[in-house]
Novice: 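Take a look at the following structure, please.
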There are 2 protein chains.
Amino acid sequence: MDDMDRRIIGLLAEDSRRALADIGGLVGLAPSSVNERIRRMVAAGVIRRFTVETDPSALDLPLLVFLRLVLRPEADATAFRQAIAGHPRILECHHVTGAWPWLIKLRVETVAEIEVALDQIRASGFLGQHETTIALSSAVAGVFVPATMP
Amino acid sequence: MDDMDRRIIGLLAEDSRRALADIGGLVGLAPSSVNERIRRMVAAGVIRRFTVETDPSALDLPLLVFLRLVLRPEADATAFRQAIAGHPRILECHHVTGAWPWLIKLRVETVAEIEVALDQIRASGFLGQHETTIALSSAVAGVFVPATMP
DNA sequence: CGTGAAATTCCTCATGA
DNA sequence: TCATGAGGAATTTCACG
C-alpha cells in the first residue's frame, strides 16, 4: 500500500471500468503494472470487490431509517449479531459507545416496512428499548450498493 | 426497471467485472442485450457509477464515528449543508427526525482526528450542542468506498 | 517490481428478426 | 426489445531487465 496504490484506488473508486491503459497513463505506469497492483490489492483484501453504486429510490428503497436500541439484559450479543446478519434491509449494524449500544441503519420502501423490520428484529427475542429515526434529507447521501441475493 | 434489470444489478453489485456473456448466461440474455440494459440503467441514473469496495483499515481509516448535533438557532441549514459537503472524512450527513436533527457519519484514522473534524465543523459557525458516538465493532459493517480526490 | 509484446478474451456496433 | 457476428479493444500472461 504505497502512494501509487492509493492513487489507483482513487481512480477505480471514481470509475472502476476505466481501462488499465488509462489508469497507467494517469499514474505513470504500464498497463500490466497497474493490473499487477490491482491483482495484489484484491488478493490482500484491500479491494474487497468491484461493484456498482445505485440510486436507492430507483430500487424502491427511498426511506433511510436509523434504529438505536438496547438489548434485553439476558440477551446474548453474539446470537443477536447472527440474528440480524443477512437481513436484506439492514445495511449496517454497529456496537457503539453511549446509552444506546446498538445502531442499525436500514433502507425500506415505506413506513409500514419499518414496523415489519422492527418486528423481525423483535422476533429474535433480544430487543429491549428502542428508538426510531427517519432521514428527511441528506446533505451527504453516502454510497448505496444493493444487497446481493444468495 | 423490470425484474431482469434487478437481477443484472444484483450480479453487478456482487462483481461488476463479470463479463457480459457470463451475466447473459445467468439471466438468459445475449451479451449485447445485457450491455444495452446496463447502458440504459447508467443513462437513467439507476446505476450511478462502477466503483470498488475497499477495506477502510487498509486505507488508514479504522475508526467509525457518528456525530449527532443541533445547529445554533440562527444557523442557515443551506449554508451548513454546503459547509460540510466535500469534507473528505464525512461519509454521510442526514437531516433526521428527533431531538438531534443532524446525524453525521465519518471515518478517521485516530481519536485525535475526531476532534479535528469537530473543530472543522465548528469553524462553519453553525455548530450547537453535539454528541459523539464511536463504533466498537460492527455486526454488519456496510460498504466503504473511498472518497475520490478532486 | 516494472516492462513490452503476444495471445486471448471481451466489448461494440451494425444488421435483421 | 432481442440476437447474431465481425472487427476492434482491452485484458492477461510471460519472459526479461
Side-chain angles (χ1 to χ4, degrees), chain A residues 1-61 109 143-150, chain B residues 1-61 109 143-150:
Chain A
M1 272 310 298
D2 57 3
D3 205 63
M4 191 65 82
D5 281 343
R6 262 178 283 273
R7 289 179 65 192
I8 293 173
I9 289 217
L11 291 167
L12 288 177
E14 214 172 280
D15 178 8
S16 65
R17 285 196 301 187
R18 236 191 290 252
L20 300 178
D22 286 359
I23 299 173
L26 290 166
V27 303
L29 240 46
S32 57
S33 302
V34 177
N35 192 36
E36 174 64 10
R37 279 177 177 270
I38 293 174
R39 198 197 56 73
R40 270 202 302 272
M41 288 192 283
V42 171
V46 175
I47 296 175
R48 290 188 172 149
R49 61 172 160 166
F50 286 69
T51 186
V52 284
E53 178 188 357
T54 61
D55 176 2
S57 296
L59 276 97
D60 291 319
L61 296 169
E109 44 266 72
V143 177
F144 176 66
V145 172
T148 68
M149 6 223 158
Chain B
M1 273 308 297
D2 57 2
D3 206 63
M4 191 66 82
D5 282 342
R6 262 179 283 274
R7 290 179 65 193
I8 293 173
I9 289 219
L11 291 166
L12 288 176
E14 217 173 279
D15 177 8
S16 65
R17 283 196 302 186
R18 236 190 290 251
L20 299 177
D22 285 359
I23 299 172
L26 289 166
V27 303
L29 239 47
S32 60
S33 302
V34 176
N35 192 36
E36 175 63 12
R37 280 175 176 268
I38 292 174
R39 198 199 56 73
R40 270 202 303 271
M41 288 193 283
V42 171
V46 176
I47 296 175
R48 290 187 173 149
R49 62 171 159 168
F50 286 70
T51 186
V52 284
E53 177 188 355
T54 61
D55 176 2
S57 297
L59 283 140
D60 291 319
L61 295 170
E109 44 266 73
V143 177
F144 176 65
V145 170
T148 69
M149 6 221 157

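Since we're looking at a predicted model, the values are computed, not measured. All chains are named by letter (A, B, ...) in the order of the sequence lines, taking the proteins before the strands, and each is independently numbered beginning at 1.
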Novice: Side chain of Ser33(A) only, heavy atoms from C-beta on: which candidate in dT1(D), dA3(D), dG2(C) is closest?
Specialist: dG2(C)

Novice: If only atom types and distance count, is the side chain of Arg6(A) paired as donor or acceptor with the main-chain N or O of Met1(A) below 3.5 Å?
Specialist: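 A pair under 3.5 Å: yes.
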
Novice: Salt bridge or not for Arg48(B) and Asp55(A), using N-O below 4.0 Å?
Specialist: yes

Novice: Could you state the atom-to-atom distance from CD of Glu36(A) to P of dC14(D) in whole Å?
Specialist: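 Checked: the CD to P distance equals 12 Å.
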
Novice: Under 4.0 Å between a side-chain N/O of Arg40(A) and OP1 or OP2 of dC1(C), yes or no?
Specialist: yes

Novice: Could you list the protein-to-nucleotides 10-14 of chain C atom pairs, N/O on both sides, closer than 3.5 Å?
Specialist:
residue : atom : partner  : partner atom : Å
dC11(C) : OP1  : Leu20(B) : N            : 3.2
dC11(C) : OP2  : Leu20(B) : N            : 3.2
dT12(C) : OP2  : Asn35(B) : OD1          : 3.0
dT12(C) : OP2  : Asn35(B) : ND2          : 3.0

Novice: Can you identify which nucleotide, out of dA3(D), dG2(C), dT1(D), has its nearest atom closest to the Arg37(B) side chain?
Specialist: dT1(D)

Novice: Nearest whole Å is fine: how far is dC2(D) P from Met4(B) CE?
Specialist: 7 Å

Novice: Determine the sole option in Val143(B), Val52(B), Thr54(B) for which the side chain to side chain contact (heavy atoms under 4.5 Å, CB included) test with Arg49(A) is passed.
Specialist: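 When Val143(B), Val52(B), Thr54(B) are each tested with Arg49(A), the side chain to side chain contact (heavy atoms under 4.5 Å, CB included) holds only for Val143(B).
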
Novice: Which atom names give the shortest non-hydrogen contact between Ala21(A) and Pro31(A), and what distance separates them?
Specialist: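 Closest approach of Ala21(A) to Pro31(A): CA-CG, 3.9 Å.
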
Novice: Charged N to carboxylate O below 4.0 Å: is that the case for Asp2(A) and Arg37(A)?
Specialist: yes

Novice: Nearest-Å distance, CG (Leu29(B)) to P (dC2(D))?
Specialist: 5 Å

Novice: Please check: side-chain N/O of Arg7(A) versus main-chain N/O of Ile23(A), any donor-acceptor pairing under 3.5 Å?
Specialist: no

